[in-house]
Visitor: 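Before I ask anything, let me first share the structure, which is written out below as structure tokens.
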Amino acid sequence: MTIRVNGGQHLLKITISVTDFEELQKFQRGIINLLSKVEIDDCNPEAKEEIKSLYKLLLLLNESTAKER
């Protein structure tokens with residue numbers, strides 16, 4: 001799977017090697033399960049930004065998965 005991110009003037013290409021979509025979905029579920037245990041209201045501003053980054057990563061993974069199918 002390849003994720004393309006437009007970082008201003010440059011395009012960043014990230015390749016994640018997985019054996020199949022089930023493995024990718026396992027990674028996604030793992031991130032979602034960990035995030036579900038986080039009390040966002042109790043986090044400091046820095047942690048909230050990191051959590052937002054993880055949700056953005058999940059969105060990119062979901063978009064890339066949809067394109068591959």
Side-chain angles (χ1 to χ4, degrees):
M1 175 177 69
T2 301
I3 299 173
R4 297 177 196 273
V5 180
N6 185 359
Q9 297 177 355
H10 303 285
L11 184 68
L12 175 64
K13 178 180 175 182
I14 300 169
T15 302
I16 301 172
S17 298
V18 293
T19 55
D20 54 27
F21 282 110
E22 286 180 23
E23 184 179 17
L24 177 60
Q25 289 175 334
K26 184 178 177 181
F27 292 144
Q28 291 171 312
R29 281 192 308 271
I31 294 170
I32 290 168
N33 287 335
L34 287 173
L35 286 171
S36 72
K37 297 177 186 331
V38 176
E39 294 291 334
I40 296 173
D41 294 333
D42 295 337
C43 293
N44 62 47
E46 184 178 301
K48 286 182 182 181
E49 289 302 313
E50 292 167 352
I51 291 168
K52 286 180 188 178
S53 295
L54 286 174
Y55 277 107
K56 185 174 181 178
L57 174 62
L58 280 173
L59 178 63
L60 291 170
L61 287 172
N62 286 332
E63 289 173 354
S64 294
T65 301
K67 290 178 186 176
E68 295 288 327
R69 289 185 179 211

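Counting from 1, the numbers follow the sequence of the chain as shown.
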Visitor: Lys52: which residues meet the salt bridge (Lys or Arg N to Asp or Glu O under 4.0 Å) condition with it, sequence neighbours left out?
Guide: Glu49
Visitor: Just jot down the side chain to side chain contact (heavy atoms under 4.5 Å, CB included) partners of Glu46, sequence neighbours excluded, or say none.
Guide: Asn44, Glu50
Visitor: Heavy-atom count around Lys48 NZ within 6.0 Å, excluding the residue itself: above 12?
Guide: yes
Visitor: Assess the residue pair Leu54 and Leu34 against the criterion (side chain to side chain contact (heavy atoms under 4.5 Å, CB included)); give the C-alpha distance rounded to whole Å, side-chain angles, the decisive distance to 0.1 Å, and a yes or no.
Guide: CA-CA 10 Å; Leu54 286 174; Leu34 287 173; over 6 Å; no
Visitor: Please collect all side-chain hydrogen bond (donor to acceptor under 3.5 Å, both in side chains) contacts where either partner lies in residues 27-37, sequence neighbours excluded, each pair once.
Guide: Gln28-Asn62
Visitor: Suppose we screen for salt bridge (Lys or Arg N to Asp or Glu O under 4.0 Å). Which residues come up paired with Glu22, at least two apart in sequence or across chains?
Guide: none
Visitor: Any non-hydrogen side-chain atom of Val18 less than 4.5 Å from a side-chain atom of Phe27?
Guide: yes
Visitor: Which residues pass the side chain to side chain contact (heavy atoms under 4.5 Å, CB included) test with Ile51, sequence neighbours left out?
Guide: Leu35, Val38, Ile40, Cys43, Tyr55
